[in-house]
Protein chains: 2
Amino acid sequence: MSESEQPTGSIRLLIADDEHLIRGALEALLGLEPDIEVVAGTDNGATAAQLALELRPDVCLLDLEMPRADGIEAAERIMAGVPGARVIIVTRHARPGVLRRALAAKVAGFVPKSTPAGDLADVIRDVAAGKRYIDPEIAAAALVAERCPLTDRELDVLRATRTSSSVQAIADALFLSTGTVRNYLSAAMTKLGASNRHDAAEHAWQQGWI
Amino acid sequence: MSESEQPTGSIRLLIADDEHLIRGALEALLGLEPDIEVVAGTDNGATAAQLALELRPDVCLLDLEMPRADGIEAAERIMAGVPGARVIIVTRHARPGVLRRALAAKVAGFVPKSTPAGDLADVIRDVAAGKRYIDPEIAAAALVAERCPLTDRELDVLRATRTSSSVQAIADALFLSTGTVRNYLSAAMTKLGASNRHDAAEHAWQQGWI
DNA sequence: GGCAACGTGTGACAAATGTCACGGGAGGTC
DNA sequence: GACCTCCCGTGACATTTGTCACACGTTGCC
């Protein structure tokens, strides 16, 4: 593992983003930095985790929204397989609950796509140096965010609400009776102050609870 | 307008994308090309149109999803104000109907964010040279896509459905009676084969009709 | 002029949805 | 053991939603 063709202290980076254009652009952006070397790129979380196990990059830059395994799932797999790995999550929708999930997964960096491009290299350097970087806006939002008042089953039905159209379909998906589903939905709607299940599911999604 | 500090034939480019990270990365990517010069960047459609009128870039690279004016609206304004302007729309969700809208606005290029990063510069060069470039996948999808069977008002209520929770709210937003709204929704749902208005609105959105 | 399509509305009916009250059981804590 | 919360269910009820039939006026086309 002691190649000599790279400058001393060069940061070996893995990039995962399902939008090829973005990934390529990020590679171009970070390739301009003399101390950063992009060693791998992929468009899904599962491959990202696999590549990380093989290549042992110093830092992994993972998009949150990816097929096969989202950024946090990929981060968990990488953490499990590569002790001391450093992961940065990049996301478009910076929902407070997602930050919680990311921090629970021991992610070292969390930046929204609204971050100025010039800052990204610095974040990568900080993270590579062992520091953590959490976008201050998201951190503040997460701190004032309400704790999730919903039970596990209530979260389940809200999750199912996002893909199923009728109560019957939700009940079928969860192997529950329609009455039970309606009770859970009613409870969730009351807790969230929503006037229908779609609003409730949307709210829970915005908070990153589901 | 005859500055001499740039190489002959250099393509003057404007980039608009509301995600700063992406815009910066694209600037880095395209900045690597010797014949492309990024002359402006912004994060919303309204400013993009304004800047285009002032700076008269050769090509405008516009993200579709932007605040204040989406990529196509911005393209229309640019076309109206700058004769011979060339616009490329970049989008994450390549819905068939959106391509229709874009072509109706005389857009010269249409690429999804899944395009390999290396191809983008070539597309820009083609467009600058007067050619058009339409992503073949999207073009094929648009050709087999069904024509929109909905009336203007049906589209209106479906649009409102995406933001309003109840029929009453939709009716209030459109200054209609609830009965009328329900009739339109029922008609739209029948035409689209949807079992509720949210499905219908989702379908219409996927097709790019609203 | 006649006809079709569209926009707008009403009224009635059925189905889906949301609310409420009430059960019972499983699993924890004091 | 008593108590609590969560899970799962039932039944009744009011509200919302979706369907259907029908009506009237406008616009555009043959």
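Residue numbering restarts at 1 for every chain, and letters A, B, ... go by the order of the sequence lines.
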For B:Thr47, side chain to side chain donor-acceptor pair (under 3.5 Å) partners two or more places apart: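 Side chain to side chain donor-acceptor pair (under 3.5 Å) list for B:Thr47, sorted by chain: B:Asn44.
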With B:Glu27 via side chain to side chain donor-acceptor pair (under 3.5 Å) - residues at least two apart: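 So B:Glu27 forms no side chain to side chain donor-acceptor pair (under 3.5 Å) with any residue.
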Short side-chain to backbone donor-acceptor contact, [X] and [Y], under 3.5 Å:
X	Y	answer
B:Arg56	B:Val82	no
B:Arg12	B:Leu55	yes
B:Arg197	B:Val157	no
B:Ser164	B:Thr161	no

Supply the atom-to-atom distance [X] [atom1] to [Y] [atom2], rounded to the nearest 0.5 angstrom.
X	Y	atom1	atom2	answer
B:Ile170	B:Leu185	CD1	CG	5.0 Å
B:Asp135	B:Ser114	CG	OG	6.5 Å
B:Ile138	B:Thr115	CD1	OG1	7.0 Å
A:Leu120	A:Ile124	CG	CD1	4.0 Å
A:Met189	A:Asn196	CE	CG	6.0 Å
A:Arg182	A:Ser177	CZ	OG	9.0 Å

For DNA chain C, the residues among residues 199-210 of chain B that have a non-hydrogen atom under 4.0 Å from it: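 Contacting residues: none.
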D:dC8 phosphate, OP1 or OP2, under 4.0 Å from A:Thr180 side-chain N/O: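 So the side chain of A:Thr180 is outside the cut-off, no N or O lying under 4.0 Å from OP1 or OP2 of D:dC8.
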Contact residues, residues 172-179 of chain A to DNA chain D [heavy atom, < 4.0 Å]: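 Those residues whose heavy atoms fall under 4.0 Å from DNA chain D, taken from residues 172-179 of chain A in numerical order, are A:Leu176, A:Ser177, A:Gly179.
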Contact residues, residues 152-161 of chain A to DNA chain D [heavy atom, < 4.0 Å]: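 Output list: A:Asp152, A:Arg153.
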Axial bend angle, the helix from C:dG1-D:dC30 to C:dC30-D:dG1: five-pair end segments, nearest 10°: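 Between the axes fitted at each end of the helix from C:dG1-D:dC30 to C:dC30-D:dG1 lies an angle of 30°.
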Ionic contact status for A:Asp63 with A:Lys113, cut-off 4.0 Å: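 Salt bridge flag = yes for A:Asp63 with A:Lys113.
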Nearest-Å distance for atom pair OH/C1', residues A:Tyr184 and D:dT10: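 It works out to 14 Å between those atoms.
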Within residues 69-90 of chain B or reaching into it, pairs that qualify as side-chain hydrogen bond (donor to acceptor under 3.5 Å, both in side chains) - sequence neighbours excluded: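 Found B:Asp70-B:Arg101.
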Residue pairs passing the side-chain hydrogen bond (donor to acceptor under 3.5 Å, both in side chains) test where at least one lies in residues 199-208 of chain B, sequence neighbours excluded: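 Matches after skipping sequence neighbours: B:Glu202-B:Gln206.
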Residues in side-chain contact (heavy atoms from CB on, under 4.5 Å) contact with A:Lys191, at least two apart in sequence or another chain: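 If we apply the side-chain contact (heavy atoms from CB on, under 4.5 Å) test to A:Lys191, skipping adjacent residues, the hits are A:Pro149, A:Leu150, A:Thr151, A:Glu154.
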Which residues share a side-chain contact (heavy atoms from CB on, under 4.5 Å) with B:Ala52, sequence neighbours left out: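 If we apply the side-chain contact (heavy atoms from CB on, under 4.5 Å) test to B:Ala52, skipping adjacent residues, the hits are B:Leu14, B:Pro57, B:Cys60, B:Ile78.
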Would you list the protein and nucleotides 22-29 of chain C atom pairs, both N or O, that sit under 3.5 Å from each other?
none

Per-nucleotide protein contact string for nucleotides 12-18 of chain D (B base, S sugar-phosphate only, - none; heavy atom under 4.0 Å): -----BB
